[in-house]
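Order of listing sets the numbers, starting from 1, for every ligand and every atom in it.
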Amino acid sequence: MATEKLWGGRFDSSTDAAVEAFSASEHFDRRLAQYDIAGSKAHACMLHACGVINDADCQAIIDGLETILGEISEDRFQWHAALEDVHMNIEARLTELIGEPGKKLHTARSRNDQVATDLRLFVRDAIDQLCTDVTGLQESLLILAEREAATVMPGLTHMQAAQPVTCGHHLLAWNAMLERDWQRLGDCRGRVNISPLGSAALAGTGFPIDRQMSAQALGFDSVSTNSLDAVSDRDFVIEFCAAAALLQVHLSRMAEEMVLWASESCRFVDLGDAFCTGSSIMPQKKNPDVAELVRGKSGRAIGNLVSLLVLMKGQPLAYNRDNQEDKEPLFDSVDTAHACLKVLGAMVPNMIFDRERLREAAQRGHTTATDLADYLVRRGMAFRDAHEVVGKAVRFAETQQLQLPALSLEQLRDICAHIDNDVFDVLTLEGSISSRDHTGGTAPGQVHKAVAAARQALAAH
Ligand code: ARG
C-alpha cells in the first residue's frame with residue numbers, strides 16, 4: 001500500500017525517520033476510527049447533497065468507508081505510522097480501495113475540523129458510558145444503604161468519634177457525590193455535542209456546504225459559531241476530564257473509607273474474598289487491594305486534567321499540533337473511571353458490615369454528648385452553658401473510665417440539677433439517631449425516604 005504523505009506536494013525530500021516516529025499518533029488515535037468514519041460519511045453525504053460531489057463518488061466513498069470499518073473492527077486493517085494518524089490512514093486506504101473518488105472526500109474539510117469532530121463524538125460516547133457506570137454503582141449503593149438503614153456507626157469529624165450516624169446515611173453521602181458526578185457529566189455533554197465540522201482548517205470553506213446537515217447526521221445539537229475557536233478549542237476535553245477527576249476523587253474517598261473500615265483496628269466491614277488479595281509472605285493477610293488501587297488511580301485522573309490545562313495554556317489561535325497531545329490523557333481518564341466504577345459496582349454488594357462492631361465503636365467517645373447538651377437546652381438552659389456542663393460531665397465520666405450514658409442519674413444530677421430520668425432516652429444511640437428526623441438527617445426513617453428519593457432520581461437517568 002502507498003504510504004506517501006497526503007501532504008507531500010510541496011516537499012522536496014522525505015521526512016526524517018525520527019520525525020516520522022516522533023509525530024505519528026496512529027498507534028493511539030486509531031481508537032477514534034469509528035468516529036472518523038462516521039464523520040467522513042456525514043461529510044460525504046453533505047457534499048453530495050450540496051452538489052459538490054456526484055452520486056457515484058458519494059456511493060463509492062460510503063461503501064469504501066464501510067469496508068474499512070469492517071477491516072478495522074475485525075483487526076484486518078494495516079496501520080502505517082508513516083501515514084501519521086487515524087485520519088490519513090483511513091483516507092489512504094479509501095483511495096487504495098476506490099481510487100479517484102477517495103481523493104474527493106477531503107474537499108471542504110481539514111484534519112483540524114475532522115479531529116475536533118472525532119474527538120467530540122468520542123467524548124459524547126464516553127460520557128454516556130460513564131453515566132451508565134455511575135448509575136450502576138449508585139444502584140448497588142442504594143441497596144446497601146437500605147439494608148443498613150438502622151445500623152448505628154460512629155460519625156467522625158477530624159477522624160474522631162463525633163456523633164452516632166446510621167450506616168445507611170453514610171452510604172447515601174457517597175451516593176450524593178455520585179449523583180453530582182452524573183449531573184456534571186450531563187452538563188458537560190451539552191457543550192461537547194456541538195459540531196465543528198465545516199470550520200475546515202481555521203477560516204471555514206468557500207464550498208457551498210450545509211453545516212446543519214452533517215451536524216444532524218452525527219447527532220450534534222448545533223454547530224459551532226466561530227471557525228477559529230472550533231478547530232482549536234479543547235475546553236470540552238478539559239471539562240470532561242475535570243468531571244472525571246472529581247468523580248475519581250469521590251471514588252478515592254470511598255475507597256479510603258473501605259480500607260479504613262476493613263482495617264484490623266476497625267473491622268467494620270468484610271470486603272469479600274473475591275475483592276481482596278493475599279500476601280506472598282504473610283499467610284494471614286486479606287488485603288483491600290482493589291480499594292487501594294481505586295484510591296491510587298485517582299492520581300492519574302488529576303494528572304490528566306493538569307496535563308490538558310497546561311497543554312492549552314500557551315496556545316495561540318488557531319490549531320496547533322500541540323493538540324495531538326490531548327488524546328492519551330483523555331483516553332486514560334475514560335478508561336480509569338470506567339474500570340474503577342465497574343469494579344466498585346461489583347464490590348459494593350459484597351460488603352458485609354459487622355453491625356455489632358459498628359455499634360460498639362459508636363458507643364465509644366461519648367458520642368451522645370451533643371444530645372445531652374440539647375436536652376439541657378430544651379429544659380431552658382442556654383446552649384453555651386449546656387455545652388460547658390456536658391463538658392464537665394464528660395471529664396467526670398473519663399475519670400470514672402465510663403462512657404457518658406453509663407453515668408448514674410445521681411452522678412449526672414451532681415453535675416447539673418436540671419437532669420431527670422428521661423435523660424437516658426436521649427443518651428442512647430437509638431435516641432440520638434432517631435431524633436435527627438428531618439430531611440437530610442440520619443434517622444432510619446429519613447434514610448428510607450432518602451433511598452426512595454434517590455431511586456426516583458436514578459429512574460430519570
Ligand atoms: N493528528 C492530529 C491531531 O491529533 C490531527 C490534526 C493534524 N492537523 C494538522 N494540521 N497537522 O491533532
Discussion item. What protein heavy atom lies closest to atom 6 (C) of ligand 1? Include the residue and the distance to one decimal.
Written reply: Tyr319 OH, 3.4 Å
Response to the item:
protein heavy-atom neighbour closest to atom 11 (N) of ligand 1 works out as Arg111 NH2, 3.5 Å
Fill in: More than 12 heavy atoms from other groups under 6.0 Å of CD on Gln456
no
May I ask you to check if ligand 1 and [X] share an N or O to N or O distance below 3.5 Å?
X: Asn323; value: no
X: Asp85; value: yes
X: Asn112; value: yes

Discussion item. How long is the straight-line distance from CE of Met351 back to CG of Asp270, given to the nearest 0.5 Å?
Written reply: 10.0 Å
Discussion item. So if I count the atoms of ligand 1 from 1 in the order they appear, which ones are less than 4.0 Å from some heavy atom of Ser25?
Written reply: 1 (N)
Worksheet item: Between Lys327, Gln324, Met88, which one has a non-hydrogen atom sitting closest to atom 2 (C) of ligand 1?
Response: Gln324
Discussion item. Please check: side-chain N/O of Thr166 versus main-chain N/O of Thr151, any donor-acceptor pairing under 3.5 Å?
Written reply: no
Practice prompt. Show your working on salt bridge (charged side-chain N to carboxylate O under 4.0 Å, His left out) between Arg111 and Glu91 and close with a plain yes or no.
Written response: CA-CA 11 Å; Arg111 272 187 297 157; Glu91 193 188 317; over 6 Å; no
Worksheet item: Quick one: does NZ or CZ of Arg124 land under 6.0 Å from the six-membered ring centre of Phe220, within 45 degrees of the ring axis?
Response: yes
Worksheet item: Think Arg31 forms a cation-pi with Phe122, using NZ or CZ under 6.0 Å from the six-ring centre and within 45 degrees of its axis?
Response: no
